[in-house]
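Read the structure below first, then the notes.
Lettering follows sequence order; numbering is per chain, from 1. Since we're looking at a predicted model, the values are computed, not measured.
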2 protein chains.
Amino acid sequence: MAAAAKELPACPVETTLTLISDKWKVLILRDLMPGTKRFGELKKSIGSVSQKVLTAQLREMERSGLLTRTVYPEVPPRVEYTLTDLGYSLKPILDAMRNWGEAYKAQKQG
Amino acid sequence: MAAAAKELPACPVETTLTLISDKWKVLILRDLMPGTKRFGELKKSIGSVSQKVLTAQLREMERSGLLTRTVYPEVPPRVEYTLTDLGYSLKPILDAMRNWGEAYKAQKQG
DNA sequence: CTGAATCCAGTCGGATACTG
DNA sequence: CAGTATCCGACTGGATTCAG
């Protein structure tokens, strides 16, 4: 949540971690993969995230180039978040995590 | 680092996050993928992690069934960490992260 | 509806010193 | 060498309030 940009480490795995390892970012990605969502929709679909933190992590991801933020000057205001190509390119990671999680739970249930 | 076991959420992506989202766990996985390592080797290869936290996260991963801990009763003591099949099954996620990180850095350099 | 600002508790994790 | 215990600063993130 720091204001300063994070430095990119030498290891590719660390590079990825730097951009998506915050508490809610992976879930934001998961929920935006199907398409554009409004702020309120995201907040509801993610679950227990607070407004402050959701805003902060969305802004960080915008700065990282993972998503775009579009403000519609209406009353009441409407703000939509959409993954960029870069953000969408994280899909293989999300898919791998989903696949693994499913297999893990299936195993735990025997 | 909590002592209590973490609950598994409904979403598979969250399940995965629950098990590997701590600060150093992905790097531990990365470094154990090639094979068994001693505590000191891990500490060196991971980088700036402190001894206390590395120990704690390794123990959590052991409890989660991601790795095994083998103590050799020698002087000086030797402790080796090895991924279980379950831990090794996370490889596709690690690979996806590495691939993405490489592509990202390549793009940043034009 | 979205978001900024403030306050604050909980935790994470680093540094250090000590043990077998 | 590997691990434990203690201390403590820093940061994360939730709750609340106010604003446009």
Let me know the distance between [atom1] of [X] and [atom2] of [N], rounded to the nearest Å.
{"X": "B:K43", "N": "D:dT4", "atom1": "NZ", "atom2": "P", "value": "15 Å"}
{"X": "A:W24", "N": "D:dG13", "atom1": "CH2", "atom2": "P", "value": "8 Å"}
{"X": "A:Y81", "N": "C:dC1", "atom1": "OH", "atom2": "P", "value": "15 Å"}
{"X": "B:L42", "N": "D:dA2", "atom1": "CG", "atom2": "P", "value": "9 Å"}
{"X": "A:E60", "N": "D:dG13", "atom1": "CD", "atom2": "C1'", "value": "12 Å"}
{"X": "B:Q51", "N": "D:dC1", "atom1": "CD", "atom2": "C1'", "value": "9 Å"}
{"X": "B:K23", "N": "C:dC12", "atom1": "NZ", "atom2": "P", "value": "12 Å"}
{"X": "B:L58", "N": "D:dG3", "atom1": "CG", "atom2": "P", "value": "8 Å"}

Query raised in the report: Nearest nucleotide by nearest heavy atom, which residue falls closer to the 5' end of DNA chain D, A:P76 or A:K52?
Result: A:K52
Between [atom1] on residue [X] and [atom2] on residue [Y], distance to nearest 0.5 Å:
{"X": "A:R59", "Y": "A:Y81", "atom1": "CZ", "atom2": "OH", "answer": "5.0 Å"}
{"X": "A:Y88", "Y": "A:L94", "atom1": "OH", "atom2": "CG", "answer": "10.0 Å"}
{"X": "B:K37", "Y": "B:I28", "atom1": "NZ", "atom2": "CD1", "answer": "12.0 Å"}

Report task. Counting heavy atoms from C-beta on, name the nucleotide in D:dG3, C:dC7, D:dC1 closest to the side chain of B:V79. Result -> D:dG3
Requested in this report: Could you check which of C:dG3, D:dG13, C:dG14 has an atom nearest any side-chain atom of A:Q57?
Outcome: D:dG13
Report task. Determine the contact category for A:T55: base if any of its heavy atoms lies under 4.0 Å from a base atom, sugar-phosphate if only primed atoms, P, OP1 or OP2 are that close, otherwise nothing. Result -> sugar-phosphate
Requested in this report: Locate the shortest heavy-atom distance separating A:I46 from A:D31; write the atom from each residue and the value.
Outcome: CG1-OD2, 3.3 Å
Hey, does the side chain of [X] come within less than 4.0 Å of [N]'s phosphate (OP1/OP2), counting only N and O?
{"X": "A:R69", "N": "C:dT2", "value": "no"}
{"X": "B:R59", "N": "D:dT4", "value": "yes"}
{"X": "B:R38", "N": "D:dA2", "value": "yes"}

**Report entry** Note: A:E80-A:R78 ion pair, threshold 4.0 Å (strictly below)
**Finding:** yes
